[in-house]
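In what follows, a single structure is set out as C-alpha cells and then discussed.
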Amino acid sequence: MIVKKIREELLKHLPEDLPFKVEPPREEAFGDYATNAALVLAGRLKRPPRELADELAGKLSARADLFSKVEVAGPGFINFFVAPGYWQSVVKEVLSRGEDYGRSELGRGRKVQVEFVSANPTGPLHIGHGRGAAVGDTLARILSFAGYEVVKEYYVNDRGRQMEILGRSVWLRARELSGEKIDFPEDHYRGDYIKDLARKLLAERPNLLTLPEEEAVAIARDFALREILEEIKQDLIDFGVSYDVWYSERGLYERGEVEEALRALSEAGHLYEKEGALWFRASAFGDEKDRVVRRSNGEPTYFASDIAYHREKFLKRGFDLVVDVWGADHHGYVPRLKAVLSALEIDPERLQVLLIQMVNLIEGGKLKSMSTRAGEFVTLRELMDEVGRDAVRFTFLTRKCDAPLEFDVELAKRQSQENPVYYVQYAHARLSSVFRKTEEAGLKLETFGDADYTRLDTPEDFKLFKLLDAFPQVVEDSARSLEPHRLTYFLLDLATAFHDYYTKHRFLSEDEELSRARLALARAVKQVLKTGLNLLGVSAPERM
RNA sequence: GCGCCCGUAGCUCAAUCGGAUAGAGCAUUGGACUACGAAUCCAAAGGUUGGAGGUUCGAGUCCUCCCGGGCGCGCCA
C-alpha cells in the first residue's frame, strides 16, 4: 500500500495530529497520489502553502526507491509519481500473501457484533430483509478480514403481542379449513403461508380444534414460530448467510435480564412512574420524549427487551463495537436506544446503526408494491429463485445503504454486460481459462516467483498494479466506514482494467519471459478478484 | 406540524474525515475477433450536482432557508 508509505514519510516531517489526506488525484498528470498536507499545515502555521510544499517535496524526493518524481502544484498540493519498481513489486507481494492479501490488523482483535435481519418470525423474509442480510453479512466478512473479532447475530422476537397474533392467525385459519365461517381480523397475518401452516398443523394435531382456545392458540403460536424460523434459517443459508448466534428474546426474560436492566436504570434515577406505567427519561439524553418501558398492565414493552439486550451486549458480552442493521422505517428508534446507552454510561458511539432503505422491485417497468400484513410481498426466496443468489447479493451491494434501491428484475436476470455481477465474474472466469490454456501449454506455474517484473511496463500493467496495491486500503476503508459497497465498486474497477488489458495484451506468447511475468500478474489479479468476491459472498466461477 | 434519510447526465448510481477540469454502467451513435472465452474492448455525445444564500485558499460534500420525494412521530414490534 503505497498510500501508507507516503503517509509514513510525510509524518516524519509533520505534526502527528495534522488531518491531511493522501489520495489519488483526478488527473493523471498530477501523479499517482497527491497530498494536501502543505495546505492544511499552512492554515495552522499561517505560512504560505507553496513555501511549505516546496520544503516537504524536497525532503520526500530523497526516497528515490519509492518516487520517481515529487512536485508541487496548484495552491500547494504535493504530487507523487511512484517509481515503476515499486509498482512492479506489488505483484510479488500479492502472490506471496495469496488469499491473505488484503487482510489487515485494523481491528486489532477488537470484538464487534453485527446484528442484522432480525425480522419477526411471523412470516417469510422479503426482499427488504434480503438487502439487510447482504449488507450485514458482507460487512461482517469485511470486518473479520480487517482484523476484528466478529459475531454475527440474529435477534429473534419470540414473545409478545406479535407472537400471540401469529398464533391466533393460524388458529383461525385452521378453524376456517375445518369448514367454519370466520371473519378474519384486519390486524392479523393474512398471507397464504398462514393457511399452509394451519393445514400442516391440523395434520399434526387433528384434535387442535377440540382444545380450549387459549391452549390451541399457544400450540399454534409455538408451531408457527418453529416452522417460520426454520424457513428463515434455510432462506438465509441459501442466500449464503450463516449466523454465529440466534438470540432469543424470550431467553432475556428467562434469565431475568430485563428486570435487572430496568433495576439498573431505576437505581441510577432514570425511571419514573406516571399514569400507572413505568417511563424512561429519554428526553434527558437527547431523545424527543420519554418512553414507556412497562405498560400500566404490567407488561414490559419491546423497548424494555431492547434495553436489556443492548446492555448485555456492552456490559456482559464485552463487545467494543456493536453494529445494528435495521430497516430505515425504524430510524425513529435510534435516539432512544442511544439515550439508554448514555444513561448506562456507555459511549453511544460504540453503537452504530445502519439504516437500510427500501428496495423497490421493478418488473416490466412497473413498481411492485408491498405490504406485509396484506400478505402481498415478494419474498427473498422468490427473488433468489428467479434471478439467482449471486446477482441478488451483488445488486444489493451496489448502493450505499441509506439510499433507496431500485431492483430491476429483468436486468438482474440478463446474462449480459448490463448486469455488473457477470462482468466481474466473467473476468475471473476468463483468467481461469487462461490458466487452463497455460497448463495445456505445459508452462510451470512454480516459476512465477522469479519472473522478471520489469517486463511489465505498459500503461495497462501499471493500471492493474495500482489497483492491486489499493485493495488492502479499500478493505480497510470499507471496514472503517461500514460501507461494503466500496468494495463492490473496487471490483468493478479491477474487472474493467483487466478486460481492457485482455484485449490489448496476450498472456501467452512466444516470449517466454514476458509470458511468465504476465501470468504472474494474471494470477495476482485472479487472487484479488476471488478474495473480493468472497467478501461479498458472491461466487468466483472457473467457467461460466 | 416536528424529526430523520434522499435529490448528481435521458435511466440506475459513484465520488475516500471539504481538494485540482464532478466519474461509471445502461440507453443512443459509430467502430474492433485468422492467436489465451466478444458475458469483452475502443470512440463520440450527454451536467447550472433540486433552488437561494453563507463559511474558506478550495463546496456535490459543512451551515441556514426554501422546493420535491421517502420514512417515522404508540402504554405496537
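Hydrogens, waters and symmetry mates are skipped; everything else that's a heavy atom, side chains included, is used. Chain letters run A, B, ... following the sequence lines, proteins first and then strands; every chain starts at 1. The shown structure was predicted, so the numbers you read here are calculated from the model rather than taken from an experiment.
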Exercise for the section: Please state whether the base of G19(B) and the side chain of Asn36(A) form at least one donor-acceptor pair under 3.5 Å? Expected result: yes

Exercise for the section: Determine the minimum heavy-atom distance between Val22(A) and Arg7(A), stating which atoms define it. Expected result: N-NH2, 4.0 Å

Taking a pair as Watson-Crick or G-U wobble with both distances under 3.5 Å, which nucleotide is matched to [N]?
{"N": "U64(B)", "result": "A52(B)"}
{"N": "C17(B)", "result": "none"}
{"N": "G25(B)", "result": "C11(B)"}
{"N": "G72(B)", "result": "C2(B)"}

Problem - Pairwise C1' distance, C67(B) and G50(B) [rounded to whole Å] - result: 7 Å

Exercise for the section: In whole angstrom, give me the gap between the C1' atoms of G60(B) and U16(B). Expected result: 14 Å

Problem - Donor-acceptor pair between Tyr189(A) and Gln162(A) side chains, under 3.5 angstrom - result: yes

Problem - Heavy-atom neighbours of Glu512(A) CD exceed 12 at 6.0 Å - result: no

With the side chain of [X] defined as its heavy atoms from C-beta on, choose the nearest nucleotide among [options].
{"X": "Tyr489(A)", "options": "U16(B), C75(B), C13(B)", "answer": "C13(B)"}
{"X": "Leu508(A)", "options": "G3(B), C71(B), C36(B)", "answer": "C36(B)"}
{"X": "Arg430(A)", "options": "U40(B), C13(B), A15(B)", "answer": "U40(B)"}
{"X": "Asp402(A)", "options": "C75(B), C57(B), C5(B)", "answer": "C5(B)"}

Problem - Reference residue Glu115(A); test side-chain contact (heavy atoms from CB on, under 4.5 Å); the match among Val353(A), Asp324(A), Val323(A) - result: Asp324(A)

Exercise for the section: Specify the separation, in whole Å, of atom NZ of Lys504(A) and atom P of A32(B). Expected result: 17 Å

Practice task
Send over the distance from Leu354(A) CG to C6(B) C1', rounded to a whole Å.
Solution key: 16 Å

